[in-house]
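Have a look at the structure below, then the notes.
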Amino acid sequence: MKADRSSVAQQALAPLEVVSLVSLGQHPVSGRLRRAEQDARALELCLALERQSAPGAVSLSVWHASGSEIAPGSEQDQALRGYLGMGLESLTLVTPDALGADPLKAVGSLMADDSSLKDVDSLKAVDQPVIDVWPLLVTRLKQAAPQLVVCGGQGETGEGSGLLPHLLAESLGWPLVEGIVAIESCDGLHVTALQALPRGQRRRLRVKLPALVSVDSAAPAARQSAFAQARRGELSSLASGELVHDAQAEAFGVAPARKRPKRLKRIKATSARDRFKAAAAKAEGGGGKRLEGVSAEEGAAEILKLLREEGVLR
């Protein structure tokens, strides 16, 4: 019993090992690589936890898993340095063991030749190997054994399925808490965090460590990246694990997104009173046309014209 108490005391006095997982983001308009919005918010929560804790009580590390080599000055390098500009001295690139002997390029290089993707109906499968990075993170997390792992809820590049936190938690056997908007405190044994709920509500949770949490978009916005600090920061590579190919992603078809038809406005009423008010309310605007005493063909023609004007049919 005394040995157990002493080990608990040593664990409480040791620095809290926190890992923030970051990824490459993509601007929704220009398509250029940048720091991911949710991952930057997750890193901001980690920096806030480090700031509000005692000096030396929190040891923060930032990791990015990559299956391909990131050359200095490349677009990927510039995007990752956006995290360094938040006040970091270094960022660790978790890479496969055989990266130097067999470098692989990301799937995004397929979009370089737009002429091959003009025909949306004829999708082309990915003809380059795709690396699954979550086994690399699992191997590295088992080696480093941090107490708290923080990441964004969904990536902006790649599949963007949001399954990475679930895969890591299942492989490590850790509890997973989603939708975190604030990390209030951590005593080395438990972490207290706020979870976002629908309609702006919040729920305070106390989770036993080690644990993995994913950050919601309602978390505080990340600070602006400082250019000088981003240039001074260092990107260091760390080999962890073997190459794991994602056979399913290699069979995916890649094509430019097609604009979807515009939906007609639908009234969403939850009660009989709301439905009655919506039915009795006057129409907004006077651009409609009232048809009386017309044939079925004329009525169908007017309906078809309206659908085309609304963008439902082309």
Original post:
Apart from Leu238 itself, what residues make up its hydrophobic cluster when side-chain heavy atoms of I, L, V, M, F, W and Y under 4.5 Å apart count as a link, directly or indirectly?
Top reply: none
**OP:** Count the heavy atoms of every other residue, nucleotide or ligand shown that sit under 6.0 Å from CZ of Arg32, and state whether that count exceeds 12.
**Re:** no
Original post:
Same cluster or not: are Leu235 and Val94 linked, directly or through other Ile, Leu, Val, Met, Phe, Trp or Tyr residues, by side-chain heavy atoms under 4.5 angstrom apart?
Top reply: no
Original post:
If every non-hydrogen atom of Gly31 is compared with every non-hydrogen atom of Gln26, which pair is closest and at what distance?
Top reply: O-NE2, 3.1 Å
Original post:
Is Glu17 reaching over with its side chain to a backbone N or O of Ala145, donor-acceptor style, under 3.5 angstrom?
Top reply: no
Original post:
What distance separates Gln52 CD from Ser185 OG, expressed to the nearest 0.5 Å?
Top reply: 7.5 Å
Subject >> Pairs satisfying side-chain hydrogen bond (donor to acceptor under 3.5 Å, both in side chains), at least one member in residues 164-179, at least two apart >> reply: His166-Glu178
Original post:
Hey, are Gln229 and Arg232 close enough side-chain-wise for a donor-acceptor pair under 3.5 Å?
Top reply: yes
Original post:
Can you find a pair of side-chain heavy atoms, one from Leu189 and one from Lys208, that are under 4.5 Å apart?
Top reply: no
Subject >> Closest contact, heavy atoms only, Gly67 versus Val133 >> reply: N-CG1, 4.1 Å
Original post:
Quick check: does any side chain N or O of Ser53 sit under 3.5 Å from a backbone N or O of Glu50, one acting as donor and the other as acceptor?
Top reply: no
Subject >> Given Ile183, Val150, Val181, the one that forms side chain to side chain contact (heavy atoms under 4.5 Å, CB included) with Val215 >> reply: Val150
**OP:** Please lay out, stage by stage, how Val177 and Ser214 fare under the test side chain to side chain contact (heavy atoms under 4.5 Å, CB included).
**Re:** CA-CA 6 Å; Val177 184; Ser214 62; over 6 Å; no
Subject >> Separation between CG of Leu164 and CG of Leu137, rounded to the nearest 0.5 Å >> reply: 6.0 Å
Subject >> Residue pair Lys305, Arg308: steps toward the side chain to side chain contact (heavy atoms under 4.5 Å, CB included) verdict >> reply: CA-CA 5 Å; Lys305 179 181 177 182; Arg308 286 176 176 171; 5.9 Å; no
**OP:** Apply side chain to side chain contact (heavy atoms under 4.5 Å, CB included) to Glu184 and list each qualifying residue two or more places apart in sequence or on a separate chain.
**Re:** Thr192, Leu194, Arg204
**OP:** Identify whether Leu205 and Leu212 are in the same connected component of the hydrophobic contact network (ILVMFWY, side-chain heavy atoms under 4.5 Å).
**Re:** no
Original post:
Can you find a heavy atom in the side chain of His64 that is under 4.5 Å from one in the side chain of Leu24?
Top reply: yes
**OP:** Could you check if a side-chain atom of Leu167 sits within less than 4.5 angstrom of a side-chain atom of Val138, using non-hydrogen atoms only?
**Re:** no
Subject >> Atom pair CD (Gln76) and CD1 (Ile70), whose distance is rounded to the nearest 0.5 Å >> reply: 6.0 Å
Original post:
Does one hydrophobic cluster hold both Val19 and Val191, with members joined at side-chain heavy-atom distances below 4.5 Å?
Top reply: no
Subject >> Sidechain-backbone polar pair: Asp187 side chain, His190 backbone, donor-acceptor under 3.5 Å >> reply: yes
Subject >> Side chain to side chain, Arg34 and Gln78, heavy atoms closer than 4.5 Å >> reply: no
Subject >> Spatial distance of atom CZ (Arg203) from atom CD1 (Ile180) [nearest 0.5 Å] >> reply: 9.0 Å
Subject >> Approximate separation, where rounding is to 0.5 Å, of Arg41 CZ and Glu37 CD >> reply: 4.5 Å
**OP:** Could you tell me whether the side chain of Val207 reaches within less than 4.5 Å of the side chain of Gln195, counting heavy atoms only?
**Re:** no
Review item, side-chain donor-acceptor pairs of residues 82-93, under 3.5 Å, at least two apart:
{"residue": "Tyr83", "atom": "OH", "partner": "Ser23", "partner atom": "O", "Å": "2.6"}
{"residue": "Tyr83", "atom": "OH", "partner": "Ala36", "partner atom": "N", "Å": "2.8"}

**OP:** Output the rest of the hydrophobic cluster of Leu291: all Ile, Leu, Val, Met, Phe, Trp and Tyr residues reachable through side-chain heavy-atom contacts under 4.5 Å, sorted by chain and number.
**Re:** Val294
Subject >> Arg140 and Gln143 side chains, donor-acceptor separation under 3.5 Å >> reply: yes
Original post:
Within a radius of less than 6.0 Å around CZ of Arg202, do more than 12 heavy atoms belonging to other residues, nucleotides or ligands occur?
Top reply: yes
**OP:** Share the residues that join Phe227 in a hydrophobic cluster, the rule being Ile, Leu, Val, Met, Phe, Trp or Tyr side chains under 4.5 Å apart at the heavy-atom level.
**Re:** none
Subject >> Shortest non-hydrogen contact from Val58 toward Val18 >> reply: CG1-CG2, 3.9 Å
Original post:
Does a salt bridge link Asp39 with Arg35, judged by any charged N lying under 4.0 Å from a carboxylate O?
Top reply: no
Subject >> Atom pair SG/CG of Cys186 and Leu49 - distance to nearest 0.5 Å >> reply: 6.5 Å
Subject >> Least distance between heavy atoms, Ser240 atom then Asp97 atom >> reply: N-OD1, 3.5 Å
Original post:
What are the two closest heavy atoms between Ala42 and Ser20, and how far apart are they?
Top reply: C-OG, 4.3 Å
Subject >> Leu136 side chain reached by Thr95 side chain, heavy atoms, under 4.5 Å >> reply: no
Subject >> Contact summary for Gln154 and Gly162, nearest pair of heavy atoms >> reply: CG-N, 4.1 Å
Original post:
So do Leu60 and Leu43 actually touch side chain to side chain, heavy atoms under 4.5 Å?
Top reply: yes
**OP:** State plainly whether one hydrophobic cluster holds both Val213 and Leu21, where clusters connect Ile, Leu, Val, Met, Phe, Trp and Tyr through side-chain heavy atoms under 4.5 angstrom apart.
**Re:** no
Original post:
Counting N and O atoms only, with roles assigned by atom type, does the side chain of Glu44 sit under 3.5 Å from a partner on the main chain of Arg223, one being a donor and the other an acceptor?
Top reply: yes
Subject >> Pairwise side-chain contact, Leu209 with Leu148, heavy-atom cut-off 4.5 Å (strictly under) >> reply: yes
